[in-house]
Amino acid sequence: MRIDSDDEIEERDTPAMVLVTPADQPAPQPATQPTTQPTTKPAPQPTPQTAPQTNATDPVKDNNNKRKREPSDSALPPPEQKRPRTTAEAKPAVDANKMEVIEKESNNSATTVTPKGEKEVQPPKPQGAEKKVAENVTKPVGKAAAAKAKNAPPTPNAQEKEGQTPKKEETPKTVTGKKEAQTPKKETPAKPLKKANSTPDVKKSSGTPKNTKEEQKRPVTRSSSAKATPTKKKNKSESESESESGSGSESESESGSESGSDESGSESGSEEESSSSSEKKTPKKKTTPKAKPKAKPTPKKKAKEEPPPKKKAKRGSKQEKEEPKRGRKKKEEDAVPIHKWWEEDDDWKKGEKKNWKWRTLEHQGVYFGPDYEPHGIPILYDGEKVKLTPAQEEWATYFARYLDTDHMKKDQFRKNFWKEWKAVLGKNTTIKSFKKVDFSLIKSHLDTAKEERKNRSKEEKNKEKEEKKALKEKYGFAIVDGHKEAIGNFTVEPPGLFLGRGQHPKAGMFKQRVTPEQITLNLGEGVDPPKCPIPGHKWGGIVHNHEVTWLATWRENINGQNKYVLFSAQSSMRGRSDRSKFETAKRLKKCIGKIRKDYTANLKNADDEVAQQRATAMWVIDRLALRVGNDKSEDEADTVGCCSLRCEHVKLLDDNKLEFDFLGKDSMRYHNVVEVDPQVYKNFKTFMSGKKKSEQIFDRLSPPSLNSHLQSLMDGLTAKVFRTYNASITMQKELSKFDEDEMTVEEKVLFFNRASVQVAKLCNHQRSVPKTHQTQMEKIDDQIKDTEDEIAEVKAHIKRLNAGKEAKKRAAGEDGKEKKPFSNNVETCKRKIEALEDRIRKLKIKKKEKDTLKEVSTSTSKVNYIDPRISLVWCQKHNVDIKKIFAKTMRDKFAWAIAEVEATPDFVF
DNA sequence: AATCAGACTTGGAATAATTTTA
DNA sequence: TAAAATTATTCCAAGTCTGATT
């Protein structure tokens, strides 16, 4: 639909203001549809031109669609030898750095310096760590290590000591003013209201000096009850109010708006709107400080609920059916009261609490899945049964799980597994050659178990359900500032094999079981830490970090990254930042004209190569919706984004056309042939000239520098905002094309879905073609055929009727059952034909729809990119039940948007 | 200025739950 | 009523981006 890039470009340049209007849409180009050849399938297909990946890939064809990097690129070296990511020959500095890095690495491996994964005690950290870092991560690590050393004797004291030492160090540390401000965690008030029972962890008391002041000021962290004490913050607010946004979470803009003074306000204004709307609705709320009884039963909900009565008879019946279910569901919904955070104010978030995410926090820690239960099934080695130790067996079992999957086709996966498993087998094992190992016995055991599980009785299923529910009840919620909020992932990730995506160098490595000692919990001061659920163990640490949202964290052993237990998408915490994200995108709409002007001008800025590259990248990010493309290390899959594009990823075609072909996030292939702005084309040509395939096109540009420039153009603007903006604006534009005749709800939904597809294509959200796709297509064909046959039959029947002949008995179906005879009334039969023809039409639409959707994933954009208010407004306007668009979890996640749109039905992004 | 590290968002696949079909 | 199809939810890897370090 939106195609001509040129025209648009022109349009853009002209009047900035035009841009503001919806009409000025940039018309980004969906990756999947090369402007030229609309029909071409989305990237995934092994398109001929990109010949590279051909069959060589077989081993990998796994995800049919996704293109693995592999040999495909003839030029590319095998995985092991990753091509160097030369930034640019021009930059000596860079090279130097690189060398350093390398050196470092080698050192690490060689010496004791551990790659993060290990729990060894970090040497120097303690001191530097003093600040938050120390608190959070380091500490726990240290403890864990210590604990390990002692292993068995989980004497509390041990921990205590450890815990304290670091603290002490901290205290003495001279803390800069800034730090002080930041260290909320340390602030832990000296007043542990509750005695820290045996759990020594509660180091809070550690004498953080500064805390004294702040702490005292702060209303005792008492939980909900006393919240009423908000008052004073005002003084603080003054100075900081505006700067808030800078943090990136401008969620607070609301508060800013209140202050009114805000000059930066232009954008915050948008948010004001929203907030104002809510204000209208609930003026009283304002008066009452935060202390909001969350429990209140929400009456209005019911009002919303009732679905519009359908006219169609058929449908009616269907609905009746649904009714009872709905009732049930409703109940459940009520069970978890919605916290209407958007009706509250954030007045307390001022001054030094500017970056606070919570005031009081209470939860039950994390849930550790069940232990591994040995099954005793041996493997076959060279045909002989070999019994394994529980540990050996456990890993073998994890491996067997993937026997029939595409993971097995990756050399790296098997190789990594073997390397690690060999270590577990030990030196005395008879298992010397991986090729001779046969895991099929274990595999069939797993299959059997799966089958049994599938066939378990109703009682068993219910029982499990109950248990699951109980677990969620216990661990699934946290009390934040007096509100019960759902936690997203309260179960620690279980051990298993690491499955990367694409060609990940670490695929197949062991993801170790996480012990309590490796886990740090984040809790409110004065809250009793939950008891460690594993007997004989204790938590690695407890912190009180008000500036983060995580409830628990640990370090994962594969990449040494932190893992977090976070609130669910339905929580207020996530809701706030989600809304703020869309507000930022909405602000971008206001100044997109200015920004486009900026980069369009700089496209020609040959004097300043950096600026020129930056402008070109901005063009790409804005128009093609690419991600920014941060640098990646060698031990990750080789994927790229805008800034990391290499010459091998772009081809200069004729007529100002560029062909992009690379693996993006999650190794999803991005393949697009686009006609670009002539100047952009020229720039690419320049940037690429004289460079090797493996060199970066934007060698003078780095994501941080790009972002900082964006930041200068608009507060809070970063590269990813363009994706949000373009996705949302595209959706709005697509939906605006709706001319509602007499459409059935199904048709309306279909229209909506098609609009979503446009967005998904823009963002290059793909999925692998469902395995059953082909079958499904055929099935629909069969149905069409059958229907056609029946029509022919009816027609023949009519003929006989008209000829005065006796009705012929219909042939029995394949199942031998008799078919209902046709009516002897000609009119009735004609109507029947019409109905059948209508059915065929629908089937054909369904087929086509299915085929276009087979490799498009619309969920991601729906969940992350499209401002929900756009969809909601549309639903409201065209009388479509929200449930047709958003499933339960989505409705909960977007509760803020639903409320807002109800109040302001004329919302426009 | 380049890296590092932390924290949080984004993403497709896997799995579970529900609905439809046979 | 079971199996198949669909839809919803969970899982956890892989990005982005920021502030601190080197």
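These numbers were taken from a predicted model, which means no experiment stands behind them. For the numbers below, each heavy atom of this structure counts, side chains included, while hydrogens, waters and symmetry mates do not. Letters go in sequence order (proteins before strands), and every chain restarts at 1.
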*Asks:* Using 4.0 Å as the upper bound for N to carboxylate O, is an ion pair formed by A:Asp851 and A:Lys854?
*Replies:*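 So A:Lys854 pairs with A:Asp851 through a salt bridge.
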
*Asks:* Looking across every strand, which nucleic acid part, if any, lies under 4.0 Å from A:Asn630 by heavy atom: base, sugar-phosphate, or nothing?
*Replies:*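 The answer is base, as A:Asn630 lies within the cut-off (heavy atoms under 4.0 Å) of a base atom.
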
*Asks:* Classify the angle between the aromatic ring planes of A:His504 and A:Phe498 as parallel (below 30°), tilted (30 to 60°) or perpendicular (above 60°).
*Replies:*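 Judged by the thresholds at 30° and 60°, the geometry between A:His504 and A:Phe498 is perpendicular.
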
*Asks:* Between A:Gln776 and A:Leu499, who's closer to the 5' end of DNA chain C by nearest nucleotide?
*Replies:*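 Its nearest nucleotide being more 5', the pick is A:Gln776.
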
*Asks:* Looking across every strand, which nucleic acid part, if any, lies under 4.0 Å from A:Gly629 by heavy atom: base, sugar-phosphate, or nothing?
*Replies:*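 Sugar-phosphate, backbone atoms only, no base.
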
*Asks:* For A:Asp447, check salt bridge (charged side-chain N to carboxylate O under 4.0 Å, His left out) against everything at least two apart and list the hits.
*Replies:*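 By the salt bridge (charged side-chain N to carboxylate O under 4.0 Å, His left out) rule, A:Asp447 matches A:Lys443.
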
*Asks:* Using a heavy-atom cut-off of under 4.0 Å over every strand shown, decide if A:Lys779 touches base, sugar-phosphate, or nothing.
*Replies:*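 Here A:Lys779 touches the backbone only, sparing every base.
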
*Asks:* Return the nearest nucleotide to the side chain of A:His504; candidates are B:dT9, C:dA14, C:dT18.
*Replies:*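 Side chain of A:His504 sits closest to C:dA14.
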
*Asks:* With sugar-phosphate meaning primed atoms plus P, OP1 and OP2, does A:Lys850 contact a base, only sugar-phosphate, or nothing at under 4.0 Å between heavy atoms?
*Replies:*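 Sugar-phosphate, backbone atoms only, no base.
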
*Asks:* Under 4.0 Å: is that the gap between some side-chain N or O of A:Lys511 and OP1 or OP2 of C:dA13?
*Replies:*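 Checking A:Lys511 against C:dA13: at least one side-chain N or O falls below 4.0 Å of OP1 or OP2.
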
*Asks:* Can you tell me how the ring of A:Tyr475 sits relative to the ring of A:Tyr367, calling it parallel under 30°, perpendicular over 60° and tilted otherwise?
*Replies:*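 The rings of A:Tyr475 and A:Tyr367 sit tilted, inter-plane angle from 30° to 60°.
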
*Asks:* Among the nucleotides C:dG15, C:dA8, C:dA13, which one has an atom lying closest to any side-chain atom of A:Ala887?
*Replies:*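 Closest nucleotide among those given: C:dA8.
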
*Asks:* Measure from the side chain of A:Arg453, starting at C-beta and using heavy atoms only, and say which of B:dA16, C:dA14, B:dG12 lies closest.
*Replies:*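 Of all the options, the side chain of A:Arg453 is nearest to B:dA16.
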
*Asks:* Does A:Thr860 make a side-chain N or O approach to OP1 or OP2 of B:dT10 shorter than 4.0 Å?
*Replies:*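 For B:dT10, OP1/OP2 do not have a side-chain N/O of A:Thr860 under 4.0 Å.
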
*Asks:* Whether A:Thr718 contacts C:dC17 is assessed here as follows: a side-chain N or O lying under 4.0 Å from the phosphate OP1 or OP2. Is that the case?
*Replies:*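 Yes, within the criterion.
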
*Asks:* Using a heavy-atom cut-off of under 4.0 Å over every strand shown, decide if A:Lys468 touches base, sugar-phosphate, or nothing.
*Replies:*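 Sugar-phosphate, no base atom in range.
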
*Asks:* From the options C:dA13, C:dT16, B:dA13, select the nucleotide whose nearest atom is closest to the side chain of A:Arg627.
*Replies:*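 Of the candidates, C:dT16 comes closest.
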
*Asks:* Is the shortest side-chain N/O distance from A:Arg723 to OP1 or OP2 of B:dG11 below 4.0 Å?
*Replies:*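 So the side-chain polar atoms of A:Arg723 do come within 4.0 Å of the phosphate oxygens OP1 or OP2 of B:dG11, strictly under.
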
*Asks:* OP1 or OP2 of B:dT10 less than 4.0 angstrom from a side-chain nitrogen or oxygen of A:Lys720, does that happen here?
*Replies:*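 True: A:Lys720 side-chain N/O within range (under 4.0 Å) of B:dT10 OP1/OP2.
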
*Asks:* Among B:dT10, C:dC17, C:dT9, which nucleotide has an atom closest to any side-chain atom of A:Asn864?
*Replies:*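 Out of B:dT10, C:dC17, C:dT9, the nucleotide with an atom closest to A:Asn864's side chain is B:dT10.
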
*Asks:* Students often get this wrong, so: under 4.0 angstrom with heavy atoms, is A:Thr549 touching a base, only sugar-phosphate, or nothing?
*Replies:*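 It contacts sugar-phosphate atoms only.
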
*Asks:* Nearest heavy atom decides the nucleotide; on that basis, is A:Lys665 or A:Lys465 closer to the 5' end of DNA chain B?
*Replies:*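 Nearer the 5' end of the strand: A:Lys665.
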
*Asks:* Compare the minimum distances between each of B:dT10, C:dT6, C:dT9 and the side chain of A:Tyr865, then state the nucleotide with the smallest one.
*Replies:*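 Per side-chain heavy atoms of A:Tyr865, the pick is B:dT10.
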
*Asks:* For B:dA7, take OP1 and OP2 only and decide whether either is under 4.0 Å from a side-chain N or O of A:Lys357.
*Replies:*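 Result: no.
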
